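Beneath this line is the structure, given in structure tokens, with notes to follow.
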Amino acid sequence: MDFRKQFVVSPGKKLKLAAIDPAQSGGQLSNEAAQPEIGKYVTRMAEMQALLYANADQSLLVVLQALDAAGKDGVVRHLFSGMNPQGTSVFGFKQPSASEAAHDFLWRAHQRTPGKGEVVVFNRSYYEDVLVVRVHDLVPKSVWSKRYDLINDFEKLLAQNGTRIIKFFLHISPEEQLERFKQRLDDPARNWKISESDYSERELWPKYTEAYEDALEKTSTAHAPWYVIPANHKWFRNLAASQIIAETMADMKLKLPPTRVDLDDVRRKYHAAAAAQEKKNGKG
Ligand code: ATP
Ligand code: MG
């Protein structure tokens with residue numbers, strides 16, 4: 001199955017999240033059948049990251065957005081753990097600090113975008129400035145409504161500078177969210193993840209849905225597409241996201257960098273050094 005085609009948000013088309021089943025799992029697929037597939041994509045992602053790092057002429061930005069407990073952390077843990085920490089980083093967007101709030105909304109994001117050769121994952125992102133900010137009226141509509149165009153221009157700038165952008169909305173149902181909140185309550189190892197605001201935010205589900213539909217619809221472009229990933233089943237979420245990342249990286253046509261030295265010359269140097277070492281060892 002081509003999940004890029006299946007889950008991409010078509011630019012300029014009305015998006016209705018209610019029409020996308022968060023519990024779907026690709027027809028015949030099962031968790032057991034998916035695991036080796038996921039492993040294959042994660043390995044390919046890691047191999048291609050090594051090439052990206054070696055070449056240092058392009059970069060990759062993965063944006064993760066979702067309501068609470070939809071699995072952003074899980075995607076980071078499962079899909080990016082194979083990559084070399086050298087050249088890979090994850091940045092979580094919290095409430096802006098005083099100095100961040102004193103700047104334009106893209107300022108903190110721009111400082112964290114990937115340099116050439118790097119992979120960066122945004123766990124939440126500058127999209128919060130048209131999501132939580134809109135839902136809670138943190139700035140007037142006249143301000144947030146202009147941000148979609150600013151975001152599109154920002155992403156165009158990154159793309160023209162050699163950055164591939166993939167944006168995921170992890171789509172879960174309210175029932176599944178409640179189930180995950182329960183697991184966080186029941187499992188002492190997960191208690192730390194609970195926050196009281198999770199419950200008040202949950203009350204705003206329809207407003208968030210509207211804000212997400214608007215944001216995804218207005219900012220899904222050919223160079224920075226949005227994908228709505230059905231995320232009730234964690235394994236299916238991992239399968240769809242890993243395939244989409246691996247295929248996007250394959251499109252980047254990453255290759256080993258050209259050799260920068262005269263290999264014959266270096267080989268001669270090696271043989272001379274090896275002969276000298278042998279001579280020394282013979283004497284010793
Ligand atoms: P989880 O989904 O596992 O609960 P999280 O991403 O919610 O993790 P938290 O530290 O609980 O992590 O939350 C970060 C909070 O910061 C979120 O509620 C988010 O909406 C908020 N935030 C991020 N960016 C902004 C912003 N620009 N303005 C206001 N709030 C923001
Ligand atoms: Mg939270």
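Since this is a predicted model, take the numbers as computed values, not measurements. One-based numbering, in listed order, for ligands and for the atoms of each. FYI, the numbering just counts along the sequence from 1. Any value given below was found using the heavy atoms of this structure, including those in side chains, with hydrogens, waters and symmetry copies removed.
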Original post:
Polar-atom distance check: Ser125 versus ligand 1, any N or O pair below 3.5 Å?
Top reply: no
Original post:
For ligand 1, which atoms sit closer than 4.0 Å to a heavy atom of Val133?
Top reply: 28 (N)
**OP:** For Ala69 and Ile172, work out which heavy atoms get closest and say how close.
**Re:** O-CD1, 3.9 Å
**OP:** Please report the shortest heavy-atom distance between Tyr148 and Asp214, naming the atom on each side.
**Re:** OH-OD2, 4.0 Å
Original post:
For ligand 1, is Gln65 a contact, meaning one of its heavy atoms is under 4.0 Å away?
Top reply: no
Original post:
Going from CE on Met45 to OG on Ser242, what distance comes out if it is rounded to the nearest 0.5 angstrom?
Top reply: 7.0 Å
Original post:
Can we say Arg124 and Asp68 salt-bridge, meaning some charged N sits less than 4.0 Å from an Asp/Glu carboxylate O?
Top reply: yes
Original post:
Heavy atoms only: which of Arg184, Lys72, Glu128 is nearest to atom 2 (O) of ligand 1?
Top reply: Lys72
Original post:
Would one find an N or O of Lys193, backbone or side chain, under 3.5 Å from an N or O of ligand 1?
Top reply: no
**OP:** Report the residue from Glu175, Gln177, Gln183 that forms a side-chain contact (heavy atoms from CB on, under 4.5 Å) with Glu179.
**Re:** Gln183
**OP:** Heavy-atom contacts with Arg108 under 4.0 Å: which atoms of ligand 1 show up? List them by number with element.
**Re:** 24 (N), 25 (C), 26 (C), 27 (N)
**OP:** Name the option, out of Gln177, Glu100, Gln95, Arg124, that contains the heavy atom nearest to atom 18 (O) of ligand 1.
**Re:** Arg124
Original post:
Which atoms of ligand 1 sit under 4.0 Å from any heavy atom of Asp129?
Top reply: 27 (N)
Original post:
Judged by non-hydrogen atoms, does Ala69 sit under 4.0 Å from ligand 1?
Top reply: yes
**OP:** Identify, with sequence neighbours excluded, every residue that meets ring-ring contact (aromatic ring centres under 6.0 Å, His included) alongside His110.
**Re:** Phe154
Subject >> Under-4.0 Å heavy-atom contact with ligand 1, by part of Asp68 that carries it >> reply: both
Original post:
About how many Å separate CZ of Phe3 and OH of Tyr227, when rounded to the nearest 0.5 Å?
Top reply: 13.0 Å
Subject >> Pairs involving residues 84-96, ordered by first then second residue, that meet salt bridge (Lys or Arg N to Asp or Glu O under 4.0 Å) (sequence neighbours left out) >> reply: none
**OP:** State if Arg180 counts as touching ligand 1 under the rule of any non-hydrogen atom under 4.0 Å.
**Re:** no
